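One structure is given here, and the rest of the page talks about it.
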Amino acid sequence: MPDSSRFRRPLPVQPGPGEESVWEYPRPPRVEPRDERVVIRFGGTVIAESTAAVRVLETSHPPVYYVPASDFSPGVLVPVDGTTMCEFKGEAHYLDVRVGDEVAGAAAWTYPDPRPGYAPLFGMIAVYPGRMDACEVDGVPVQAQEGDFYGGWITPGIVGPFKGAPGTRGW
């Protein structure tokens, strides 16, 4: 008999005042506009800065911030081969992030033809914060979501536990 305990949903952390639990986020995911100042650094420089980001909220995942492509420095995003499919948002296309000789392979993604309900993602770019030098939201450093698939941005007001680490796939 398989060990069903390894796929058991964990107990959510009870959020305190001003905190959000990722277990209260919806499924299917919700896209919401944000006016916080989002800054992304790579290769020793600021490659994107925006107050027009959106974030995607999905059950058990830290938010993923998407920044308008026009808010990235020219030439830092280079399309690469390879796509993945999100059952909700559609087909994701990947981009390398390049500054000088530094390259973070397939460290950014976009939805060039988002599915209905996800039109706000058109023209927006997300990055894996763990592959950047630093990401911040309103001056607060972002902690990268564990694992190499989801790309969530963890800030102090977000509580989990978070999907993404080894052993969490079945949540």
Side-chain angles (χ1 to χ4, degrees), residues 5-42 46-69 71-72 77 84-90 92 94-95 97 104 106-111 114-115 117-171:
S5 67
R6 67 179 229 210
F7 296 115
R8 190 171 296 139
R9 179 181 156 184
L11 292 175
V13 173
Q14 185 65 35
E19 293 182 327
E20 299 175 16
S21 170
V22 299
W23 291 94
E24 294 173 0
Y25 290 167
R27 187 163 174 88
R30 178 176 73 235
V31 179
E32 64 178 29
R34 305 300 287 184
D35 61 3
E36 297 126 323
R37 183 172 167 260
V38 174
V39 176
I40 302 168
R41 291 181 173 80
F42 182 72
V46 172
I47 61 165
E49 187 170 350
S50 183
T51 56
V54 299
R55 68 179 189 164
V56 173
L57 307 177
E58 181 174 0
T59 306
S60 77
H61 303 282
V64 175
Y65 280 77
Y66 289 74
V67 173
D71 288 345
F72 279 82
L77 300 172
T84 56
M85 180 60 71
C86 171
E87 65 182 304
F88 303 111
K89 298 179 288 281
Y94 290 84
L95 307 112
V97 177
W109 69 96
T110 187
Y111 291 94
R115 289 192 171 158
Y118 295 92
L121 296 180
F122 179 78
M124 306 294 273
I125 307 292
V127 300
Y128 290 100
R131 298 184 193 175
M132 300 295 101
D133 293 347
C135 296
E136 55 187 60
V137 177
D138 271 348
V140 176
V142 168
Q143 176 187 349
Q145 178 178 10
E146 200 173 344
D148 63 356
F149 186 72
Y150 297 109
W153 294 39
I154 303 170
T155 53
I158 307 297
V159 297
F162 309 114
K163 187 172 183 175
T168 64
R169 186 176 182 102
W171 289 1

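Computed from a prediction, not measured in an experiment: that's the story for all the values here.
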Shortest non-hydrogen contact from [X] toward [Y]:
X	Y	result
Val31	Val56	CG2-CG2, 4.0 Å
Val39	Arg41	CG1-NH1, 3.5 Å
Ala119	Pro114	CA-CG, 4.1 Å
Pro129	Gly152	CG-O, 3.4 Å
Ala108	Val97	CB-CG2, 4.0 Å
Pro15	Glu24	CG-OE2, 4.0 Å

Roughly how far apart are [X] [atom1] and [Y] [atom2], rounded to 0.5 Å?
X	Y	atom1	atom2	value
Cys86	Leu121	SG	CG	9.0 Å
Gln143	Ile158	CD	CD1	11.5 Å
Gln145	Phe162	CD	CZ	8.0 Å
Lys163	Trp23	NZ	CH2	8.0 Å
Phe88	Tyr111	CZ	OH	11.0 Å
Phe72	Glu49	CZ	CD	12.0 Å

- Got a sec, which residues hit side-chain contact (heavy atoms from CB on, under 4.5 Å) with Val64, two or more places apart in sequence or on another chain?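 With sequence neighbours excluded, Val64 shows a side-chain contact (heavy atoms from CB on, under 4.5 Å) to Tyr66, Trp109, Ala126, given in chain and number order.
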
Any [X] side-chain heavy atom under 4.5 Å of [Y] side chain:
X	Y	value
Pro28	Tyr118	yes
Glu146	Pro166	yes
Val38	Trp153	yes
Pro33	Pro120	no

- Task: Identify, with sequence neighbours excluded, every residue that meets salt bridge (Lys or Arg N to Asp or Glu O under 4.0 Å) alongside Arg27.
- Result: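 With sequence neighbours excluded, Arg27 shows a salt bridge (Lys or Arg N to Asp or Glu O under 4.0 Å) to Glu58, Glu87, given in chain and number order.
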
- Task: Report the residues that fulfil salt bridge (Lys or Arg N to Asp or Glu O under 4.0 Å) with Arg131, sequence neighbours left out, ordered by chain and then residue number.
- Result: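 So Arg131 forms no salt bridge (Lys or Arg N to Asp or Glu O under 4.0 Å) with any residue.
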
- Set of residues satisfying ring-ring contact (aromatic ring centres under 6.0 Å, His included) with respect to Tyr25, sequence neighbours excluded: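 Per chain and number, Tyr25 pairs via ring-ring contact (aromatic ring centres under 6.0 Å, His included) with no residue.
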
- Using side-chain hydrogen bond (donor to acceptor under 3.5 Å, both in side chains) as the criterion, list what pairs up with Gln14, not counting sequence neighbours.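 Per chain and number, Gln14 pairs via side-chain hydrogen bond (donor to acceptor under 3.5 Å, both in side chains) with no residue.
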
- Listed by chain and number, what are the side-chain hydrogen bond (donor to acceptor under 3.5 Å, both in side chains) partners of Glu32, not counting sequence neighbours?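 With sequence neighbours excluded, Glu32 shows a side-chain hydrogen bond (donor to acceptor under 3.5 Å, both in side chains) to Arg34, Arg55, given in chain and number order.
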
- Okay, side chain of Thr51, backbone of Glu36: is any donor-acceptor separation there less than 3.5 Å?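 It does not hold such a pair.
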
- When Leu77 is tested against each of Thr110, Leu95, Ile47, Val127 for side chain to side chain contact (heavy atoms under 4.5 Å, CB included), which residue passes?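 For Leu77, the side chain to side chain contact (heavy atoms under 4.5 Å, CB included) test succeeds with only one of Thr110, Leu95, Ile47, Val127, which is Leu95.
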
